[in-house]
Participant: 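Please find one structure pasted underneath; my questions will follow.
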Amino acid sequence: MSKVGEEYEEIDLPEQIAVRMDKRERLNALGSAYPVTLPITHTIEATKAKYPNLEQDIATGDQVGLAGRIMFLRNTGKLCFATLQSGSGERIQAMISLDKAGQEQLDSWKDLVDLGDHVFVEGEVITSKRGELSVLATKWLMAAKTLRPLPNLHNELGEEFRVRHRYIDLIVRDRAREVVKIRAGVMQSIRNTFAKQAFIEVETPMLQVMHGGASARPFKTHSNAFDTDLYLRIAPELFLKRAVVGGLERVFEINRNFRNEGADRTHSPEFAMLEAYEAYGDYHTMMDLTQALIQNAASDVLGTQVVQLEDGTVNDLSGTWPRVSMYESLSEACGVTVTPETSVAELKKLADTVGIEIDHPLHGKYVEELWEHFVKPGLTGPAFVIDFPVDTSPLTRDHRSKAGVVEKWDLYIMGYEQATGYSELVDPVVQRERFVAQMQLAATGDPEAMKLDEEFLKALEFGMPPSGGLGLGIDRLLMSLTGLGIRETILFPLVK
RNA sequence: GGGCCUCUAGCUCAGUUGGUUAGAGCAACGGACUUUUAAUCCGUGGGUCGUCGGUUCGAAUCCGACGGGGCCUACCA
C-alpha cells in the first residue's frame with residue numbers, strides 16, 4: 001500500500017480497491033494507466049459485422065486494433081481469454097498467448113488486468129477452436145484502469161443499486177441500454193412527426209417569476225442578482241401561448257417540468273413534458289395529432305403498434321382510439337344522470353354512497369372524482385375522455401354547443417393519464433374571469449390554484465388566434481411503450 | 001402525510017428459539033493449466049451485521065429512536 005495516491009492514503013481502502021490502486025501505479029510506471037490515445041483501427045461492432053459466420057479455428061489474416069471493457073476473464077498458463085464489451089453492449093473475445101504476444105506481455109496481462117478494465121488489443125481476427133470470433137493479440141495496452149470491482153454478472157442487481165449507479169446498470173444490463181435507445185428514438189420520432197407538419201420547436205423559461213399553466217405545487221428558488229424568488233416551471237403553457245400570439249402558429253416544446261409533489265410508479269418530481277399548440281386547430285385536431293405522435297413513435301421505434309410490455313402483456317395502440325364523453329360515460333356507469341347542472345349537494349350524496357370522501361366547493365372536482373371511480377377502472381385500451389367541467393379547467397374554452405363544459409380531453413392508456421388537450425381559451429376577458437375564480441379558490445386555501453398572470457393576459461389582449469393545444473408526458477409515453485415504471489424510463493431519476 | 005415491510009463482504013443472498021470464532025456463490029489474493037465461454041482445480045484473506053441507544057451473563061437476532069430503500073394509501077400528470 002506504499003504507492004497509493006496521496007488523496008487515498010488517509011482512507012483505509014477496501015482490499016479490492018487497494019489492489020487495483022497498486023496496479024494503477026505499476027501501469028503508470030510502465031507507461032500509463034490512462035493513455036490519452038490508442039491506435040484503434042476498428043470497432044467491435046464493425047469487426048463482428050465483417051465476420052458474422054466464420055467456421056471454427058479460422059485465421060482471417062485481418063489485423064485490427066480495438067478496445068473494450070473486460071466483462072469476463074479466463075486466464076490459463078500460457079493462453080488468456082477475455083470478453084471485451086463496447087459501449088453498445090457488443091462483445092468480442094480477446095486472446096493473449098505466449099507465442100503471439102510473448103512472455104513479457106502475457107505476464108503483465110495476468111498481473112495487471114482486472115474485470116472491468118478498458119483494454120486495447122492489436123492482432124489478427126480469428127476464430128477459436130470452439131468457433132468464438134476473437135482477436136489473437138500480438139500486443140495489448142491498458143486503455144483505462146478500473147479501481148472498483150464490477151458487480152457480479154450472475155445475479156440481477158438490486159433495484160436501489162441500479163438507480164443509484166445507473167452507469168453500472170448500463171454496463172451490465174442490456175435492457176438498461178435498450179431503454180435509453182428507445183427513449184432517444186421516441187424523441188426523434190416525435191420531432192419527425194412535428195417536422196412533417198411544419199411545427200417549430202422552441203424552448204421557454206424554466207425559471208419563472210410566476211408559475212402557471214397547470215394546477216400543482218412548485219419548487220421555489222431565489223435569484224441573488226435579481227433579489228427575487230423564482231419558481232421552477234410546472235408547465236410551459238403560458239409562454240408557448242405567448243409564442244402563438246407572436247405568430248409562431250405551430251409550435252412545440254419538449255422539456256422538463258418540476259412539481260413539488262409525491263413520487264410513485266407514475267410520478268417523478270421532474271418529468272419530461274411535450275406541449276404543442278396549433279393556430280386554427282381545436283381539441284379534435286389535437287386528438288388526431290396526439291394519436292399520430294404516439295402511433296408513429298411505436299412504429300418507428302418498436303416496429304409495431306401492438307406493443308409487447310415488460311411483463312408479457314400486450315398494449316394495443318393501433319386503430320382509431322375511442323372518444324367518450326365524461327358526463328355521458330359517468331351517467332351510464334353510475335346509473336344516475338349527471339350533467340353540468342347537477343348540484344354539488346347531489347354529487348356529494350352520490351360520492352357518499354360509494355364511499356368517496358371529498359369536500360370541495362367545485363362541481364367539477366366531484367364529477368372528476370366520480371368519473372375516476374366509476375369509469376376509469378374499465379378503460380383498458382387507449383381512450384380520449386372528452387368535455388370536462390368548466391370550473392376545473394381554467395385555461396380551456398367553453399364548449400361550442402354544450403353548456404357548462406369545456407373543450408378538453410384526457411388520453412388514458414393502461415389506466416393512467418397519458419396526455420391532455422384543449423381548444424384553448426383565447427378571450428382575454430373570460431381568461432381574466434377564470435383567473436379571478438382561481439384566486440378565490442386560493443383564498444380558501446387550495447395550494448394548487450392558479451395565480452393571476454397579468455403579463456400573460458396582456459399577451460392575450462394582443463390577440464391569440466383560435467388554437468388547439470396538447471400536453472403529453474414523455475416519461476409516461478415510454479412507460480406505455482415498455483411497461484416499465486417511471487424511474488426506469490428516466491436515465492438518472494432523483495434519489496435522496 | 002398515514003400504515004406495513006426491509007437494510008448482513010465489492011455484488012447477489014443464507015443466518016434456526018438470543019448462545020463458541022457470522023456463512024455461500026461470484027469477485028479478490030497465492031498456486032497449477034495453450035482453446036476457454038459464468039473456464040476448471042488446490043489454497044488464502046476479506047465484516048462497525050445501516051447508525052445510535054436500551055434489555056440481557058450473552059444481540060445480526062429482542063425493544064426504541066434516527067437514516068436509506070420498497071409496497072400500500074392520500075395529493076398530483
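Computed over heavy atoms, backbone and side chain alike; hydrogens, waters and symmetry mates excluded. Below, read A as the first sequence line, B as the second, and so on, with proteins coming before strands; counting in each chain starts at 1.
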Participant: Indicate whether OP1 or OP2 belonging to B:rC29 is found under 4.0 Å from a side-chain N or O atom of A:Lys23.
Facilitator: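 Yes.
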Participant: Please report the distance, rounded to the nearest Å, between CD in A:Glu160 and P in B:rG69.
Facilitator: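 To the nearest whole Å, that distance equals 6 Å.
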Participant: What's A:Asn257 touching, base or sugar-phosphate or nothing? Going by heavy atoms closer than 4.0 Å.
Facilitator: nothing
Participant: Please answer whether the main-chain N or O of A:Asp117 pairs with a side-chain N or O of A:Asp114 as donor and acceptor at a distance below 3.5 Å.
Facilitator: no
Participant: Rounded to the Å, how far apart are A:Met21 CE and B:rA28 P?
Facilitator: 18 Å
Participant: Mind telling me whether A:Phe435 and A:Phe456 have parallel, tilted or perpendicular rings, with 30° and 60° as the class edges?
Facilitator: perpendicular
Participant: Go through RNA chain B and write down every stem, that is, every run of at least three consecutive Watson-Crick or G-U wobble pairs with distances under 3.5 Å, as range with range.
Facilitator: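 So far as stems of 3 or more pairs are concerned, RNA chain B shows B:1-7 with B:67-73, B:10-13 with B:23-26, B:28-32 with B:40-44, B:50-54 with B:62-66.
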Participant: Look at A:Arg487 and B:rG70 and indicate whether a side-chain polar atom (N or O) is within less than 4.0 Å of OP1 or OP2.
Facilitator: yes
Participant: Among B:rA39, B:rG25, B:rU35, find the nucleotide with the atom closest to the side chain of A:Leu79.
Facilitator: B:rU35
Participant: Do A:Trp371 and A:Tyr412 have ring centroids that are under 6.0 Å from one another?
Facilitator: yes
Participant: Just by distance, do the side chain of A:Thr392 and the backbone of A:Lys365 share a donor-acceptor pair under 3.5 Å?
Facilitator: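 Looks like no, no N/O pair under 3.5 Å.
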Participant: A:Leu157 or A:Arg164: which one's nearest nucleotide on RNA chain B is closer to the 5' end?
Facilitator: A:Leu157
Participant: Output the rounded distance in Å from CZ (A:Arg20) to P (B:rG10).
Facilitator: 13 Å
Participant: Within 45° of the axis and under 6.0 Å from the centre of the six-membered ring of A:Tyr422, does NZ or CZ of A:Lys408 qualify?
Facilitator: no
Participant: Has the side chain of A:Arg69 got a donor or acceptor atom that lies under 3.5 Å from a matching backbone atom of A:Gly116?
Facilitator: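 Yes.
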Participant: Rounding to the closest angstrom, what is the interatomic distance between B:rU40 and B:rC26 at atom C1'?
Facilitator: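 Pairwise C1' distance, B:rU40 against B:rC26, rounds to 15 Å.
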Participant: Considering only atom C1', compute the distance from B:rU8 to B:rC4 and round it to an integer number of Å.
Facilitator: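 Taking atom C1' in both B:rU8 and B:rC4, they lie 22 Å apart.
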Participant: Roughly, in whole Å, what's the span from CG in A:Leu153 to P in B:rU37?
Facilitator: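 From A:Leu153 CG to B:rU37 P: 16 Å.
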Participant: Distance check, P atoms only: B:rC52 and B:rG67, in whole angstrom units.
Facilitator: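 Between the two P atoms, the distance is 15 Å.
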Participant: When the P atoms of B:rA60 and B:rG47 are considered, how many whole Å apart are they?
Facilitator: 16 Å
Participant: Counting any heavy atom closer than 4.0 Å, what does A:Leu136 reach on the DNA or RNA strands: base, sugar-phosphate only, or nothing?
Facilitator: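 A:Leu136: no heavy atom of the nucleic acid under 4.0 Å.
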Participant: Report the nucleotide, chosen from B:rU37, B:rC11, B:rG10, that has the shortest atom-to-atom distance to any side-chain atom of A:Pro149.
Facilitator: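 In terms of side-chain proximity for A:Pro149, the closest of B:rU37, B:rC11, B:rG10 is B:rG10.
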Participant: Could you tell me the separation between the CG atom of A:Asp114 and the P atom of B:rG10, rounded to a whole number of Å?
Facilitator: 16 Å
Participant: Do the rings of A:Phe384 and A:Trp321 sit parallel, tilted or perpendicular, given the 30° and 60° boundaries?
Facilitator: tilted
Participant: Angle between ring planes, A:Phe161 versus A:His165, binned at 30° and 60°: parallel, tilted or perpendicular?
Facilitator: parallel
Participant: What's A:Gly471 touching, base or sugar-phosphate or nothing? Going by heavy atoms closer than 4.0 Å.
Facilitator: nothing
Participant: For A:His165 and for A:Met95, locate the closest nucleotide of RNA chain B by heavy-atom distance; then report the residue assigned to the nucleotide nearer the 5' terminus.
Facilitator: A:His165
Participant: Does A:Glu159 make a side-chain donor-acceptor contact with the base of B:rG70, cut-off 3.5 Å?
Facilitator: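 Flag unset: no donor-acceptor pair detected.
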Participant: For A:Thr313, does its backbone N or O pair with a side-chain atom of A:Asp311 as donor and acceptor, under 3.5 Å?
Facilitator: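 Indeed, once roles are kept as given, a pair shorter than 3.5 Å links the two residues.
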Participant: Indicate, with a heavy-atom threshold strictly under 4.0 Å, whether A:Asp57 touches base, sugar-phosphate, or nothing.
Facilitator: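 Nothing: the residue A:Asp57, judged by heavy atoms under 4.0 Å, touches no strand.
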Participant: In whole Å, what is the span from the CE atom of A:Met71 to the P atom of B:rA27?
Facilitator: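 Result: 13 Å.
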Participant: Going 5' to 3' through nucleotides 72-77 of chain B, assign each nucleotide B (protein heavy atom under 4.0 Å from a base atom), S (under 4.0 Å only from sugar-phosphate atoms) or - (no protein heavy atom that close).
Facilitator: ---BBB
Participant: Measuring from the side chain of A:Phe81 (C-beta onward, heavy atoms only), which nucleotide among B:rC29, B:rG25, B:rU35 has the closest atom?
Facilitator: B:rU35
Participant: Would you say the rings of A:Phe194 and A:Phe252 are close, in the sense that their centroids are separated by under 6.0 Å?
Facilitator: yes
Participant: Can you tell me how far C1' in B:rA24 sits from the matching atom in B:rA28, rounded to whole Å?
Facilitator: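 B:rA24 and B:rA28 have their C1' atoms separated by 16 Å.
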Participant: Going by the salt bridge (Lys or Arg N to Asp or Glu O under 4.0 Å) test, which pairs reach into residues 472-496 of chain A, not counting sequence neighbours?
Facilitator: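 For residues 472-496 of chain A, and leaving out neighbouring residues, the salt bridge (Lys or Arg N to Asp or Glu O under 4.0 Å) pairs sorted by first residue read A:Arg162-A:Glu488, A:Arg166-A:Glu488, A:Arg173-A:Glu488, A:Arg183-A:Asp475.
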Participant: With respect to the phosphate group of B:rU34, does any side-chain polar atom (N or O) of A:Lys78 fall under 4.0 Å of OP1 or OP2?
Facilitator: yes
